Amino acid sequence: MNNCEEKSIDCASKEILNISTEKGFCTAFDRHEVMEPECGFGQLGICCKNCVMGPCRIDPFGEGAKEGICGATADVIAARNLIRMLAAGAAAHSDHGRDIAHTLLATSEGKTKGYTVKGKEKLFTLAKELNVKTENRKIEEIAHDVAEKCFAEFGQQHGELQFTHRAPKKRQELWRKGRFMPRGIDREIVEIMHRTHIGVDNDHENLIQQGIRASLGDGWGGSMIATDLSDVIFGMPEPIRSITNLGVLKEDEVNVIVHGHEPTLSDVIVAASQDKELLELAKSYGAKGINLAGICCTANEILMRHGISVAGNFLQQELAVITGAVDLMLVDVQCIMPALGNLCQCFHTKFVSTSPKAKFPFAEHVEFSEEDALPIAKKIVRMAVENYKNRKKELVKIPKDKMELIAGFTAEYVYKMLGGKYRSTYRPLNDAIISGRLRGAAGIVGCNNPKVKHDWAHVTLAKELIKKDVLVVVTGCSAIADAKAGLLVPEAAKKYAGRGLQEICEAVGIPPVLHLGSCVDCSRILTTLANVVLEGGLGEDISDLPVAGAAPEWMSEKAVSIGFYVAASGVYTVLGFPFPVLGGKKITQLLTKDLEKLVGANFDFEPDPVKAADLIIKHLDKKREALKLKPVMYGE
Ligand code: BF8
């Protein structure tokens, strides 16, 4: 691969990609090139391998097979494939939530080493919401019952998920009427697997209805539990400064990278990396300290709560290893490329897997358990320290690029931040939209994907929107992309934002792009939207608000689930790549047009971020008009 300039907008990544090419290493960027041209059937979603009469594929031009051997049409095959993707994504988020509930339960019973209840205020709020008694009870007792109540949401067989009641009343009614209301987190995922088995659900609309139900079980269930219980155990994030990009790696310190998703592991690694004995040991090997940095969403978790620096997003995981400066990379679950093991063999880097659910080739497995968390974390950090002496100095090349950022915004913090000294309220935010100082808000989330120039679509879309007075909130790899581009500092408002947004950012001291956390923290966006509706003056439902969602570089099944629960919550959503359904005309029509009649919002697929911004602006203006709001104060 030689056209590195075309692969990323990020200078640090380009620098390492050049080294990679020169030295003959292989990364996802190269493997993507080898993979082209893509399989058209897969891209269009019309290949079915749900039984072994096939695999079947539909001829998109109509000259070959029009249906599978069982008679399934292109629309049915595409719908089945899509909601199976969604089920996997919802399962990934929700299983993460389940693990956090397990940690809280074990902590409340005194069975863990390394965790306490740091977010007491949040625990009390949740206890009230979940009908858990708090008077004259110990924190541990309350935490125990809150954890058990959350656990019950996974296996619940009927009724409604508790946190769906945070949504506006009108939205809840719509979900009940359309049979979208999730009954139990696991149940909805299992039902997708049942319905997509050969010879069960053969109606694309009915399949999508169940997809929506399972996705809501993720957004207002599994992911929300993951976020809220993480706040209880690890503490509520508050705005915090840090730095990002590969330049955070240090030549004269032991570099440990945590990569994956669950804060249970990364949070105790933070404590272990500050252990006196280990710091002394590092010094005895000639290192000045132990430098911890994150990749992907686990980076966002420890960034939000500890200010730990972020080495990069999804497409930088291999590039971090190629710097030659990583002494140990430890991983848990999700978005971890299996190629890392092989790549680490070319360097001194130790690659350590920790989850019984996720093993990798060429990885050393040190199994993690919440019950023994801190001792295991110390053991892993010790391995990194011991490995420092094996670093091959001649292979070390750390890019200089790094950027400051502020992260740690939450639905709760918006109350404090905008409400002023005396009263916590969403009023000023609603008023800013009503008066037209703000045009509206947009959430930009999701992954990197080598099909598009790394970070380009995220950053371009964010810049286009803030320029037009749209407040942007970000999570996941999108947040890291914008952070590297310098959009997550208050000074960015002056440089990039429209006058209205600039005035707000200056008055409150916030960046024009707010970092809300990891991908499960997209649930913070849902809670914020529900609060905005409740505050009043902007309609009765989320679908009335001038807001939109986008995932310009998405690639994962989790992103499918997020996209669906965002749209099903009433938020118009623009995706940078189409869902793999375009081989089915009716399902494409359903998702991009008719969905609005069902849930008040639909999808658009637009790869060009400037055009995506135009679509979003048009949508926000349409919603403003419907609410009879004043024209945007300073907008074109
Ligand atoms: O959950 S944004 S590449 S890291 S899937 Fe993965 Fe996508 Fe990054 Fe986090 Ni989310």
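Treat the numbers as computed from the prediction; the structure is a model and nothing was measured. Basis for what follows: all heavy atoms, side chains included, without hydrogens, waters or symmetry-related copies. Read the numbers this way: they start at 1 and go in the same order the structure lists the ligands and their atoms.
Classification of Lys451 and Glu38 as a salt-bridged pair holds, one side-chain N sitting under 4.0 Å from a carboxylate O. Salt bridge absent: Asp455 and Lys7 never bring a charged side-chain N and a carboxylate O closer than 4.0 Å. Checked for salt-bridge contact, Glu188 and Arg213 meet the test: a charged N lies under 4.0 Å from a carboxylate O.
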Donor-acceptor pairs under 3.5 angstrom involving side-chain atoms of residues 356-363: please list them, not counting sequence neighbours.
residue, atom, partner, partner atom, Å
Lys357, NZ, Asp95, OD2, 3.0
Lys357, NZ, Asp99, OD1, 3.4
Lys357, NZ, Asp99, OD2, 2.8

Quick one: side chains of residues 401-409, donor-acceptor pairs under 3.5 Å with protein atoms, not counting sequence neighbours, listed by atom name and distance.
residue, atom, partner, partner atom, Å
Glu404, OE1, Arg241, NH1, 3.0

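Pairs engaging residues 303-326 under the salt bridge (Lys or Arg N to Asp or Glu O under 4.0 Å) rule: Arg31-Glu318, Asp231-Arg305, Glu301-Arg305 [sequence neighbours left out].
Taken from OG in Ser518 to CG in Asn300, the straight-line distance is 6.5 Å, to the nearest 0.5 Å.
Considering each of Gly446, Ser561, Gly89, Ser223, the one bringing a non-hydrogen atom nearest atom 2 (S) of ligand 1 is Gly446.
Within the protein, the N, O or S atoms lying under 2.8 Å from atom 9 (Fe) of ligand 1 are His261 NE2, Cys297 SG.
Taking 4.0 Å as the cut-off, Met555 counts as a neighbour of ligand 1 on heavy-atom distance.
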